[in-house]
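What follows is a short report on a single structure.
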Amino acid sequence: MRFHDTLQVTISEENITGQHQIAPMLFIPFVENSFKHGQIKNGILKVSISIIVENDRVLFTIENSTNDNSKEDDGIG
């Protein structure tokens with residue numbers, strides 16, 4: 001709600017059949033961090049989420065817009 005019209009979220013999924021299960025809320029910290037640490041570029045914060053199930057494995061990818069000029073050497077993220 002705080003982003004109003006400045007948020008663009010894209011979600012893609014592949015091979016989700018309902019046969020596989022993961023721990024509840026496993027991906028929530030990653031999604032929260034993408035909003036917290038993402039930066040608005042050209043008036044929009046972009047978050048792209050992809051979930052692919054392949055050979056009994058789940059591939060979860062999340063990307064957010066960021067300012068390319070902010071290079072920090074501290075932290076682990």
Side-chain angles (χ1 to χ4, degrees):
M1 289 174 50
R2 76 176 196 198
F3 291 105
H4 301 285
D5 295 331
T6 63
L7 180 62
Q8 177 183 350
V9 178
T10 306
I11 301 174
S12 65
E13 56 185 61
E14 249 181 74
N15 300 327
I16 308 283
T17 62
Q19 295 175 339
H20 302 88
Q21 295 182 358
I22 60 169
M25 302 191 333
L26 179 68
F27 299 130
I28 294 295
F30 300 105
V31 175
E32 287 178 343
N33 281 342
S34 70
F35 289 97
K36 179 179 178 182
H37 297 289
Q39 296 179 355
I40 295 175
K41 288 180 75 172
N42 300 326
I44 297 176
L45 170 62
K46 294 182 182 180
V47 176
S48 176
I49 302 170
S50 171
I51 301 175
I52 301 171
V53 176
E54 199 171 75
N55 298 327
D56 290 331
R57 294 181 182 212
V58 176
L59 174 62
F60 174 79
T61 306
I62 188 163
E63 297 178 14
N64 60 310
S65 56
T66 183
N67 185 350
D68 294 334
N69 296 334
S70 64
K71 302 286 183 191
E72 295 182 19
D73 292 334
D74 59 342
I76 60 172

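Taking CD of Glu54 as the start and CG of Leu59 as the end, the distance is 8.0 Å to the nearest 0.5 Å. In this structure, CG in Leu7 is found 11.5 Å from NZ in Lys46, a value given to the nearest 0.5 Å. Distance check: Leu45 CG to Ile40 CD1 gives 6.0 Å after rounding to the nearest 0.5 Å. In this structure, Arg57 CZ and Asn15 CG are separated by 15.0 Å, a value rounded to the nearest 0.5 Å.
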Determine all donor-acceptor pairs shorter than 3.5 Å in which one atom belongs to a side chain in residues 20-35; sequence neighbours excluded.
residue, atom, partner, partner atom, Å
His20, NE2, Asp56, OD1, 2.9
Asn33, ND2, Pro29, O, 3.4
Ser34, OG, Val31, O, 2.6

Task: Residue pair Ile44, Thr6: steps toward the side-chain contact (heavy atoms from CB on, under 4.5 Å) verdict - done: CA-CA 4 Å; Ile44 297 176; Thr6 63; 5.6 Å; no
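In this structure, Ser65 and Lys41 approach most closely via the heavy-atom pair CB-CD, 4.2 Å.
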